[in-house]
Amino acid sequence: IFTKALSGESVKYRLLNTEERKRIDFDMTDYHWGGFCIDRTLARTALFLKKPDLLLLLVKNGLDLKRRYCDNKTLLMIALEELKLDRAQILIDHGADPSFINQPVRSRRKRLYGPSLLHAAIKKGDLTLAKFLLKNGAELKIKNQDGETPKMLAKRLKRVEIIKLL
């Protein structure tokens, strides 16, 4: 099914039975090479295809929505980062948490993520993303590593439009 979808061939998707579901390896090509993360899993690739029905099929067949890929991001984080809001909505509708609290992740150069997706949207100044997360129930009381709620962070960074939203 997946290979046909990648080639652009028209495919009818269906839910798998229990035996078929056990045989699917959602993570079949997630690997590291020379210190770089190469992530071509079914789920991650489905996220980038213009076929939300394929992503929906994977979610309905038991895709782990809390799994972190080799870049330490969940599918929801990736979808939001790429502003694929239709795919992010599928993930949220099937259990991905819009108030996901991420542990600080450090690279050699900088800290990559804050403690919540809403904090990250505010830090980027992304009004569209902040609206999307709030519409989907993102928690407003979560504090970041500096003890700031999303509203406090927005005020400190002078994100006027986001402050009005909060």
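Residues take their numbers from the sequence shown, with the count starting at 1. For the numbers below, each heavy atom of this structure counts, side chains included, while hydrogens, waters and symmetry mates do not.
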Same apolar cluster (I L V M F W Y, side chains within < 4.5 Å links), F48/L75:
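Yes; L75 is reachable from F48 via cluster members.
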Should L157 and M152 be regarded as members of a common hydrophobic cluster, given that ILVMFWY residues are connected when their side-chain heavy atoms come within less than 4.5 Å of each other, either directly or indirectly?
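L157 does not cluster with M152.
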To the nearest 0.5 Å, tell me how far L133 CG sits from E139 CD.
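These two atoms lie 12.5 Å from each other.
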Which heavy atom in [X] sits nearest to a heavy atom in [Y], and how many Å separate them?
{"X": "P98", "Y": "A138", "result": "O-CB, 3.8 Å"}
{"X": "S116", "Y": "H119", "result": "OG-ND1, 2.6 Å"}
{"X": "H94", "Y": "L56", "result": "CE1-CD1, 3.2 Å"}
{"X": "T74", "Y": "L65", "result": "CB-O, 4.2 Å"}
{"X": "S99", "Y": "G137", "result": "OG-O, 3.5 Å"}
{"X": "L129", "Y": "L85", "result": "CD1-CD2, 4.3 Å"}

Between the main-chain N or O of D146 and the side-chain N or O of N144, is there a donor-acceptor pair closer than 3.5 Å?
yes
Is the backbone N or O of L47 less than 3.5 Å from a side-chain atom of R87, with the two atoms forming a donor-acceptor pair by type?
yes
Using side-chain heavy atoms (C-beta onward) and a distance below 4.5 Å, is [X] in contact with [Y]?
{"X": "D126", "Y": "L80", "value": "no"}
{"X": "T149", "Y": "L140", "value": "no"}
{"X": "I142", "Y": "L118", "value": "no"}
{"X": "L91", "Y": "L55", "value": "yes"}

All N/O donor-acceptor pairs, side-chain side in residues 159-166, below 3.5 Å, sequence neighbours left out:
unit_1 : atom_1 : unit_2 : atom_2 : d
R159   : NE     : I122   : O      : 2.9
R159   : NH2    : K123   : O      : 2.6

Would L117 and D97 satisfy side-chain contact (heavy atoms from CB on, under 4.5 Å), going step by step from the backbone distance to the final call?
CA-CA 9 Å; L117 298 172; D97 184 4; over 6 Å; no
Could you go through the side-chain contact (heavy atoms from CB on, under 4.5 Å) check for L153 and R156 one step at a time?
CA-CA 5 Å; L153 178 63; R156 181 172 61 80; 3.2 Å; yes
